[in-house]
Amino acid sequence: MVFLARFALLIQPLALLPWLASPAHAYTALSDHFLKAVPSGGDDFDIENGKLLAPLLIPRVPGTPGQAAAQSHLVNFFRAELPKWSIEWSNSTGKTPVTGNREIPFQNLLFKREPPWVTEGQSNLLTLVAHYDSKISPEGFIGATDSAVPCAILMHVARSIDGFVTEMYSQMNATEAGSAPLDMGVQILFLDGEEAFKDWTETDSLYGARALADAWETSYHPAGSFYRNPLDQISMFVLLDLLGSANPTIKSPFLPTHWAYRAMADIEQRMRRLNLLESTPDGAFLPDAEKAVGNFNKGMVEDDHIPFMRRGVPILHIIATPFPDVWHTMADDGEHLDLPTVRDWARITTAFALEWLDLMRVEPKGGV
């Protein structure tokens, strides 16, 4: 498929989008002191032996042993290092243009950390997302930027925020537990079947995302729950894709969530001023902070957010456009990654999650 197959002019009147143009909760920027404490992941992103990334630098086609190995890597990491996170599988099957009548399994992996006192449908959830499958062709395709690196970044984010989340919940349990707007949690979705098997169409793409959005739309919480269904619980759907090449440009396609884009762009700018980032790009990763209102109707890249966006979920799409030069080629492998850029994305995304979850209240003390 070509780039234009995924660049759709899906222009919708903003009045039809039930998103918020500003945060629904208090949003306190991290201090410089806290930003300096945000880790980069270091050797965990090494392409040969890195604990997070290296095991994902293999073909991960749905229904193959390579994908099963990637699933084991993700599940074993959370079980061993993040035991307070719940683990859920969301399974479906589907027919593809290249497999005839044979049903292909699609297996989304969902990891979630909520306040320990909440009941079903009570917490609002920052939702961090990447697809973990890889293309069926060319044979042996790895997809380092697409999307092994985004998956490894989200593992790093989960590990980096977990201790602060635990401390925040401990503090809240004594004073603020049970107030739904303050009952913030985080979930990480590793989605399956994002890639087309033949040509990108509405039916040959986004297999796992479409199945999950469909299921969540009709998975109603008990009567009296603060949120109607799992879709309503998503405070922001932050999708990472095509990250890891040097000199990325991330555009801001959605006016209703531009405030969240600006928050991430501000994190990048502040980290660069503090000399916390390693890469030396030609320009900012996130250059659209001051984008004019009249420029928000030009279209967007189709990706796993589409089934959720169509159901009113607020979206922050962090995808490099133009796509990396290695996109959908055999060169999208570990050797062609720019590791300083990878580690910078790990820092920026972690800081964004810390801010979103209002973790300044548990800012680390002392030196960093």
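Note: hydrogens, waters and symmetry copies are ignored here, and every other heavy atom, side chains too, is used. One-based numbering along the sequence shown.
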Name every donor-acceptor pair, under 3.5 Å, that has one atom in a side chain of residues 279-287 and the other anywhere in the protein, sequence neighbours excluded.
residue, atom, partner, partner atom, Å
Ser279, OG, Arg272, NH2, 3.3
Ser279, OG, Asp344, OD2, 2.5

Just checking, any donor-acceptor pair under 3.5 angstrom between side chains of Gln233 and His221? yes

For the pair Phe141 and His328, name the ring-plane relationship: parallel under 30°, tilted 30 to 60°, perpendicular over 60°. perpendicular

Measure the shortest side-chain to side-chain distance between Glu194 and Ser205 over non-hydrogen atoms and say whether it is less than 4.5 angstrom. no

State, without any angle test, whether Ser219 and Asn229 hold a side-chain donor-acceptor pair at a distance under 3.5 Å. no

Nearest 0.5 Å please: distance from the CG atom of Asp204 over to the NZ atom of Lys198. 9.0 Å

Using a strict 4.0 Å threshold on nitrogen-to-oxygen distance, state whether Arg343 and Glu278 make a salt bridge. yes

Would the Phe308 and His305 ring centres measure less than 6.0 Å apart? no

Distance, nearest 0.5 Å, that separates CE of Met300 from CD1 of Ile319: 11.5 Å

Gln187 side chain to Thr127 backbone, donor-acceptor under 3.5 Å: no

NZ/NE/NH1/NH2 to OD/OE distance under 4.0 Å, Asp162 and Lys84: no

Kindly check if the number of other-residue, nucleotide or ligand heavy atoms within 6.0 Å of CG (Asn76) is above 12? yes

List the steps, then state whether side chain to side chain donor-acceptor pair (under 3.5 Å) holds for Thr166 with Arg113. CA-CA 9 Å; Thr166 297; Arg113 182 82 200 271; 3.1 Å; yes

For the student: nearest non-hydrogen atoms of Thr64 and Val61, plus distance: OG1-O, 2.6 Å

Main chain of Pro364, side chain of His33: is a donor-acceptor contact present, judged purely on distance under 3.5 Å? yes

Taking the side chain as every heavy atom from C-beta outward, state whether Asp338 and Ser245 have any pair of such atoms under 4.5 Å apart. no

Under the salt bridge (Lys or Arg N to Asp or Glu O under 4.0 Å) rule, what pairs show up with a residue in residues 49-74, not counting sequence neighbours? Lys51-Glu81

Spacing of His336 atom NE2 and Thr329 atom OG1 [to the nearest 0.5 Å]: 7.5 Å

Quick one: CG on Asp358 to CD on Glu355, what's the gap to the nearest 0.5 Å? 10.0 Å

If you measure only the distance, is there a donor-acceptor pair under 3.5 Å linking the side chains of Ser170 and Glu167? no

Stepwise side chain to side chain contact (heavy atoms under 4.5 Å, CB included) test for Thr145 and Leu337: CA-CA 8 Å; Thr145 68; Leu337 292 171; 3.8 Å; yes

Between atom OG1 of Thr349 and atom CD of Glu268, what is the distance when rounded to the nearest 0.5 Å? 10.5 Å

Same cluster (ILVMFWY, side-chain, under 4.5 Å), Leu82 and Leu74: yes

Check whether any side-chain heavy atom of Leu255 lies under 4.5 Å from a side-chain heavy atom of Lys291, and answer yes or no. no

Sequence neighbours left out, what pairs pass salt bridge (Lys or Arg N to Asp or Glu O under 4.0 Å) with at least one residue falling in residues 207-219? Asp214-Arg311, Glu217-Arg311

Centroid separation Phe78 to Trp85 less than 6.0 Å: yes

ILVMFWY network linking Leu125 to Ile234, side-chain heavy atoms under 4.5 angstrom: no

Pairs flagged by ring-ring contact (aromatic ring centres under 6.0 Å, His included) wherever residues 143-168 is involved - sequence neighbours left out: Phe34-Phe164, Phe45-His156

Checking Asp288 now: which residues fulfil salt bridge (Lys or Arg N to Asp or Glu O under 4.0 Å) with it, not counting sequence neighbours? none

Atom of Ile153, atom of Ala346 and distance for their closest heavy-atom approach: CG2-CA, 4.0 Å

With a sphere of 6.0 Å drawn around CG of Asn247, does it hold more than 12 non-hydrogen atoms of other residues, nucleotides or ligands? yes

I'd like to know if Trp356 and Met155 are part of one continuous hydrophobic network [Ile/Leu/Val/Met/Phe/Trp/Tyr, side-chain heavy atoms within less than 4.5 Å]. yes

Of all heavy-atom pairs between Leu110 and Ser90, which one has the smallest distance, and what is that distance? CD1-CB, 4.2 Å

Ion pair Lys36/Glu363, N-O distance below 4.0 Å: no

Contact between Cys151 and Phe190 at the side-chain level, heavy atoms closer than 4.5 Å - yes or no? yes

Measure across Ala331 and Val326 and return the closest heavy-atom pair with its distance rounded to 0.1 Å. O-CG1, 3.6 Å

For Gly66 and Ile58, work out which heavy atoms get closest and say how close. O-CD1, 3.5 Å

Check whether any side-chain N or O of Asn91 sits under 3.5 Å from a backbone N or O of Gln107 as a donor-acceptor pair, and report yes or no. no

Nearest-0.5 Å distance, CH2 of residue Trp259 to CG of residue Leu316: 9.0 Å

Would you say Ser225's side chain and Glu120's backbone share a donor-acceptor pair under 3.5 angstrom? yes

In this structure, which one of Asp133, Asp303, Asp241 forms a side chain to side chain donor-acceptor pair (under 3.5 Å) with Ser147? Asp241

Output all residues satisfying side chain to side chain donor-acceptor pair (under 3.5 Å) with Arg262, sequence neighbours left out; order by chain, then residue number. Glu290

Which heavy atom of Leu357 sits nearest to which heavy atom of Gly185, and what is that distance? CD2-O, 3.6 Å

Would a 4.5 Å heavy-atom cut-off, applied to side chains only, mark Phe323 and Val301 as touching? yes

Any side-chain heavy-atom pair from Trp89 and Val75 closer than 4.5 angstrom? yes

Polar side-chain atom of Asp332 near backbone of Ala144 as donor-acceptor pair, under 3.5 Å: yes

Can you find a pair of side-chain heavy atoms, one from Tyr227 and one from Asn124, that are under 4.5 Å apart? yes

Kindly work out whether a path of hydrophobic side-chain contacts (I/L/V/M/F/W/Y, heavy atoms less than 4.5 Å apart) joins Phe106 to Trp216. no

For Asp192 and Gln67, test the side chains for any donor-to-acceptor distance below 3.5 angstrom and give the result as yes or no. yes

Quick one: does Ser235's side chain have a donor or acceptor within less than 3.5 Å of a partner on Leu126's backbone? yes

Does Ile87 share a hydrophobic cluster with Leu128, counting links as ILVMFWY side-chain heavy atoms below 4.5 Å and allowing steps through other members? yes

Please report whether the ring centroid of Tyr207 lies less than 6.0 Å from that of Phe197. yes

Indicate yes or no: at least one non-hydrogen side-chain atom of Leu56 is less than 4.5 angstrom from one of His73. yes

The side chain to side chain contact (heavy atoms under 4.5 Å, CB included) partner of Glu195 among Ile136, Asp146, Leu206 is Asp146

Taking Arg347 for its side chain and Val38 for its backbone only, find out whether a donor-acceptor pair lies under 3.5 Å. yes

Glu114 side chain to Tyr169 side chain, donor-acceptor N/O pair below 3.5 angstrom: no

